[in-house]
Number of protein chains: 2
Amino acid sequence: MEYTVKILARMSGVSGRTLRYYDQIGLLKPARINSSGYRIYGQKEVDQLQQILFYRELEVSLEDIFEIMNQPSFDRSEALKSHYEKLKEKRSRLDKIMATVEKTIASIEGGKPMQDSEKFEGFKEKLIEDNEKKYGKEIREKYGDATIDASNAKLRGMSQEDYDHMTKLGEEVFELLEKAYATGDPTSPEAVELAEKHKEWLMYSWTSYSKEAHAGLAEMYVADERFAAYYDKVVDGGTKFIRDAILNYLGM
Amino acid sequence: MEYTVKILARMSGVSGRTLRYYDQIGLLKPARINSSGYRIYGQKEVDQLQQILFYRELEVSLEDIFEIMNQPSFDRSEALKSHYEKLKEKRSRLDKIMATVEKTIASIEGGKPMQDSEKFEGFKEKLIEDNEKKYGKEIREKYGDATIDASNAKLRGMSQEDYDHMTKLGEEVFELLEKAYATGDPTSPEAVELAEKHKEWLMYSWTSYSKEAHAGLAEMYVADERFAAYYDKVVDGGTKFIRDAILNYLGM
DNA sequence: ATAAACCTTTACGCAACGTAAAGGTCAAGG
DNA sequence: CCTTGACCTTTACGTTGCGTAAAGGTTTAT
């Protein structure tokens, strides 16, 4: 039950260099180093490597894998179940791309033209994935999976126009934030408009709306450095301002 | 039907930077540059980009994509059919990994242990893929798809022991080449053993064996720089020697 | 005419290793 | 016992496919 680099590498399908690299960055340390300086891996490390490979399969960065697996709340069994769902999503993305390939073949051989935007169906899913990779981790960590999963599900069903409109709304929120901030008053008409626009934007990704959830999100913006940085980019203190504007709008 | 960078990017799901990069490396050049230096893409480029994304989905390197698409014999329709098959393989690999995840969950919750090597089922497929990525392209180009596809199919069905044994045989071929070469005589007993061992090794990946195919492969070794480099690494002129030894063994 | 939203090129940065170099260790066979 | 070959080690530079400023020109809308 003890393995050297080469043996574990052969068993798992990764290279020796990969194992050494994982040791180097602290992602997977050998159980012990023997008297000659050789890395020796045991049971626990085998299971950890498997877990790492599952995450890697989902294109999670090694850094994120490290953070996830080192969280005190990390539950292997639960992680595996989540993996299963993600793999299913990945497979359905593949199915979509396969459908696009089929359609393209038919269009070439049948001579009937295809909408340009149709030609990229399935690839758009990648956008959603990437988005999740960028923001999903922290949101998941702090606010649970439910919100983001629902948000993704809705995104997926959206038409191009809807998507564009939503993007535009998001930008308008940004612009409004700047204007409203200039008034210095979170109860000003501009601030109210900001809150309204923000709600409108939210409706695109939220499956259900409640004042409490909206207010909770506003608080989250301030609490979460990532969101804070996002809104503070527009104007310093912008995050707090948008929170106050929303809370005022909601009468809280 | 004319698109600027941003528009095409949004439509296809790639970034603007990606399009500029593809232009830079010559993979996808815009149809024309307008008077202000802007990149303008047309119908043909849209289809090319789609094709590129299909290849990218299969993890083909951009360099290889370029070579493949610029071959005079490149047939879009055929390429798409091949894509479809590959995507199917990728999906079945995903299925295997999903099965491994399920098994792992059951093993954790049921408390029954799992073979260490079982834990990496599905990942091993990656090895085959990578191998193909490394050698497959040139072989395909020059000798058609049939051989390598069959070879992969057989590889997939192999047990760990078989695989190890094959690897070992491959190494023995190498060792023998050096010894046999030292005799300087492709009809020496050592050379005959080399040819025999080489046949034995071949049988692991070939579905059927014929003298002609074996001889053909020997010639291919010499003709193909990649293989030549591979065998000449052992001893200079090793490739020609192994060809002569095989031809002699086959009585040709 | 001014701002917003595009576009351009240049250039440095990054992840996740591959790959070579230079050398120590260990089991097996002569 | 000693050599050989297959392991092991560390160090370090190279690669792919972009992301991300920076610094500036163009177009469109108001």
Side-chain angles (χ1 to χ4, degrees), chain A residues 2-10 12-28 30 32-41 52-53 55-57 59-67 126-127 130-131 133-134 164 167-168 170-172 174-176 178-179 233-234, chain B residues 2-10 12-28 30 32-41 52-53 55-57 59-66 126-127 130-131 133-134 164 167-168 170-172 174-176 178-179 229 233-234:
Chain A
E2 299 217 305
Y3 306 103
T4 60
V5 165
K6 190 75 183 290
I7 307 292
L8 180 57
R10 185 175 300 191
S12 62
V14 307
S15 74
R17 166 75 228 234
T18 297
L19 289 177
R20 290 193 193 95
Y21 180 64
Y22 288 175
D23 180 11
Q24 184 187 322
I25 62 172
L27 180 58
L28 181 68
R32 61 189 182 83
I33 306 286
N34 78 6
S35 59
S36 326
Y38 289 20
R39 290 171 180 81
I40 308 292
Y41 297 89
I52 290 169
L53 293 186
Y55 277 112
R56 208 179 59 168
E57 184 64 29
E59 280 132 282
V60 178
S61 75
L62 298 184
E63 200 188 329
D64 288 352
I65 296 178
F66 179 82
E67 280 182 33
K126 185 92 183 170
L127 268 182
D130 290 350
N131 228 337
K133 238 167 279 160
K134 227 168 161 180
D164 286 346
T167 311
K168 191 133 198 160
E171 285 159 10
E172 286 174 6
F174 251 59
E175 294 161 30
L176 268 171
E178 203 160 355
K179 275 185 204 157
K233 218 173 171 181
V234 184
Chain B
E2 298 217 306
Y3 306 104
T4 60
V5 164
K6 190 74 182 291
I7 307 290
L8 181 56
R10 184 175 301 192
S12 62
V14 306
S15 74
R17 166 73 228 235
T18 297
L19 289 177
R20 290 192 192 96
Y21 180 65
Y22 289 176
D23 180 11
Q24 184 187 322
I25 62 173
L27 180 58
L28 181 68
R32 62 190 181 82
I33 306 284
N34 79 4
S35 59
S36 327
Y38 290 19
R39 291 171 179 81
I40 309 290
Y41 297 90
I52 290 169
L53 293 187
Y55 277 112
R56 209 179 57 168
E57 184 64 30
E59 279 132 282
V60 178
S61 75
L62 298 183
E63 199 187 331
D64 288 351
I65 296 178
F66 179 82
K126 186 92 183 171
L127 267 183
D130 290 349
N131 227 337
K133 238 167 277 160
K134 228 171 162 178
D164 285 346
T167 311
K168 190 131 199 166
E171 285 159 10
E172 286 174 5
F174 251 59
E175 294 162 30
L176 268 171
E178 203 160 354
K179 275 187 204 156
K233 218 171 171 181
V234 185

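So you know, we letter chains A, B, ... as the sequences are listed, proteins then strands, and number each from 1. Because the structure is predicted, anything quoted here is derived from the model rather than measured. Heavy-atom basis, side chains included; hydrogens, waters and symmetry copies ignored.
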Pull out every protein N or O sitting under 3.5 Å from an N or O of nucleotides 14-17 of chain D, one pair per line with the distance.
from    : atom 1 : to       : atom 2 : distance (Å)
dG17(D) : OP1    : Leu62(B) : N      : 3.0

Residues at least two apart in sequence or cross-chain that pass side chain to side chain contact (heavy atoms under 4.5 Å, CB included) with Ser36(A), listed by chain then number, are Asn34(A), Tyr38(A)
Check the distance between dC7(C)'s P and Tyr3(B)'s OH and give it to me in whole angstrom.
15 Å
Please identify each residue that fulfils side-chain hydrogen bond (donor to acceptor under 3.5 Å, both in side chains) with Tyr41(A), with sequence neighbours left out.
none
Kindly write out the residues that satisfy side chain to side chain contact (heavy atoms under 4.5 Å, CB included) with Phe66(A), not counting sequence neighbours, or none if the list is empty.
Leu27(A), Asn70(A)
Rounded interatomic separation in angstrom, taking CG from Leu19(B) and C1' from dG19(D)
14 Å
For Arg32(B), which residues count as a side-chain hydrogen bond (donor to acceptor under 3.5 Å, both in side chains) partner, sequence neighbours excluded?
Glu2(B)
Could you give the distance from CZ (Arg39(B)) to CG (Leu19(B)), rounded to the nearest 0.5 Å?
9.0 Å
Both Gly16(A) and Ser35(A) contact DNA chain C. Which one's nearest nucleotide lies toward the 5' end?
Gly16(A)
So which heavy atom on Gly16(A) is nearest to which on Val5(A), and how close?
CA-CG1, 3.7 Å
So which heavy atom on Leu53(A) is nearest to which on Ser12(A), and how close?
CD1-O, 4.1 Å
Whole angstrom is fine here: how far is it from CG in Asp64(A) over to C1' in dA16(C)?
14 Å
Straight-line distance of Leu62(A) CG to Leu28(A) CG, nearest 0.5 Å:
11.0 Å
Without decimals, in angstroms, what is the distance between Leu28(A) CG and dC17(C) P?
12 Å
Between atom CD in Glu59(A) and atom P in dC18(D), what is the gap in whole Å?
13 Å
Footprint string (nucleotides 8-13 of chain C, 5' to 3'): B base within contact, S backbone only, - free, heavy atoms under 4.0 Å
BB-B--
Figure out the OH/C1' separation between Tyr55(A) and dA15(C), and round it to whole Å.
20 Å
Atom-to-atom span, CD1 of Ile52(A) to P of dC17(C) - whole angstrom:
10 Å
Figure out the NZ/P separation between Lys6(B) and dT28(D), and round it to whole Å.
15 Å
Sequence neighbours excluded, which residues qualify as side chain to side chain contact (heavy atoms under 4.5 Å, CB included) partners of Thr18(A)?
Val14(A), Ser15(A), Tyr22(A), Arg56(A)
